[in-house]
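Data block below; observations after.
Reckoned from all heavy atoms, side chains included, excluding hydrogens, waters and symmetry mates.
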Amino acid sequence: MADSKVSPVPLLKDELDIVIPTIRNLDFLEMWRPFFQPYHLIIVQDGDPSKVIKVPEGFDYELYNRNDINRILGPKASCISFKDSACRCFGYMVSKKKYIYTIDDDCFVAKDPSGKDINALEQHIKNLLCPATPHFFNTLYDPYREGADFVRGYPFSLREGVPTAVSHGLWLNIPDYDAPTQLVKPLERNKRYVDAVLTIPKSTLFPMCGMNLAFDRDLIGPAMYFGLMGDGQPLGRYDDMWAGWCMKVICDHLGYGVKTGLPYIWHSKASNPFVNLKKEYKGIYWQEELIPFFQAAKLPKDCTTVQECYIELSKQVKAKLGGVDEYFIKLADAMVTWIEAWDELNPSDSKAANLPNGAQK
């Protein structure tokens with residue numbers, strides 16, 4: 001059990017869902033109980049839908065398996081990955097809350113250098129509720145943090161900042177490495193706790209990891225599509241990368257900020273580097289063309305919603321990446337399907353009031 005004090009009234013208790021993709025029993029929730037129990041969980045079960053996933057007693061949750069996804073989305077279920085943690089984005093789509101926190105089931109509560117349990121969720125919420133500064137870098141990192149401020153020479157006209165759309169957390173113990181790096185550094189562990197949060201500058205991409213991630217669903221939700229990965233696809237382990245690149249281009253266009261740094265979680269087990277290499281190898285090759293594509297991507301001024309931006313980006317993916325591999329034509333079509341499904345389940349006026357539910361608890 002964690003020994004940290006939990007806030008008497010958890011932050012955003014009724015405005016945040018925790019989304020967890022899994023193929024196994026969720027015993028890991030016991031360690032998170034002091035922090036997660038007040039919140040609603042959306043569990044997306046990957047793989048065999050007939051397998052029974054056990055959830056510890058006392059948690060408020062919905063559980064969706066592949067049968068539920070097919071029932072709710074019908075033919076549009078084709079845009080949700082199978083046998084890949086990318087299936088988590090279905091949870092983003094069916095949530096009715098303003099904020100989302102997503103975590104992998106091999107992530108545990110980390111300790112700060114003083115030995116205190118880290119309430120990762122609380123730190124993410126603080127990041128999201130605080131402005132970001134993508135237009136001008138502050139050398140003291142987050143200027144809104146207690147004990148910090150804007151440094152000399154920082155323009156006063158930019159000190160108000162912009163809304164924060166995404167909070168990207170980090171990991172102690174097992175680093176988030178690709179397969180080649182895992183192979184050459186099999187024993188490497190991340191022991192560095194860097195007590196900092198910073199805004200990723202405008203026009204700068206980053207590798208987004210989905211295992212400890214929070215975002216403002218109202219601001220950027222439709223851009224958080226984790227792509228087509230896993231079963232039947234030539235690629236895996238690039239689902240969060242794809243979402244991160246698309247999201248960052250759209251945040252830059254719409255004037256939102258993205259933060260990275262605190263909070264840390266404890267990543268408990270390294271996946272098999274040889275299995276990972278099989279999933280990743282095309283991505284490692286393709287990313288040398290994908291990154292320049294996203295660096296050069298521009299969205300027209302008349303794209304003023306996330307959905308419009310995402311549809312425009314899908315057209316550019318088809319036109320400019322379709323020649324790299326026909327997979328990107330398929331992915332571009334899935335991006336459109338994703339937006340159509342999102343809008344069906346999230347009509348702007350009713351906020352998906354009549355959404356059919358998965359297994360309720």
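Heavy atoms from other residues, nucleotides or ligands lying under 6.0 Å from CZ of F293 number more than 12. Sparse packing is recorded around NZ of K83, with 12 or fewer heavy atoms of other residues, nucleotides or ligands lying under 6.0 Å away. Residue-environment remark: OH (Y327) exceeds the threshold of 12 foreign heavy atoms within 6.0 Å. For K269, the NZ atom counts as densely surrounded, since its 6.0 Å shell holds more than 12 non-hydrogen atoms of other residues, nucleotides or ligands. When the shell of 6.0 Å around OH of Y285 is examined, it contains 12 or fewer heavy atoms from other residues, nucleotides or ligands.
Applying the salt bridge (charged side-chain N to carboxylate O under 4.0 Å, His left out) test to every pair with at least one member in residues 168-187, sequence neighbours left out, gives these pairs: K185-E188. For the side chain to side chain donor-acceptor pair (under 3.5 Å) condition, the pairs that include at least one residue of residues 287-301, sequence neighbours left out, are Y238-Q287.
In terms of the side chain to side chain contact (heavy atoms under 4.5 Å, CB included) criterion, residue partners of P131 (sequence neighbours excluded) are, by chain and number, Y144. For the salt bridge (charged side-chain N to carboxylate O under 4.0 Å, His left out) test, no residue two or more places apart in sequence or in another chain qualifies with D231. With sequence neighbours excluded, no residue forms a side chain to side chain contact (heavy atoms under 4.5 Å, CB included) with K278. In this view, D27 satisfies the salt bridge (charged side-chain N to carboxylate O under 4.0 Å, His left out) rule with no residue, not counting sequence neighbours.
For K97 and E15, the salt-bridge test fails: no basic side-chain N is under 4.0 Å from an acidic carboxylate O. The residues R88 and D104 are annotated as salt-bridged, a charged nitrogen and a carboxylate oxygen being separated by less than 4.0 angstrom. Ion pairing between K318 and D333 holds under the 4.0 Å rule for side-chain N and carboxylate O.
In this structure, the ring of F206 has its center less than 6.0 angstrom from the ring center of H168.
Taking every heavy atom of both residues into account, G169 and H124 meet most closely at N-CE1, 3.5 Å.
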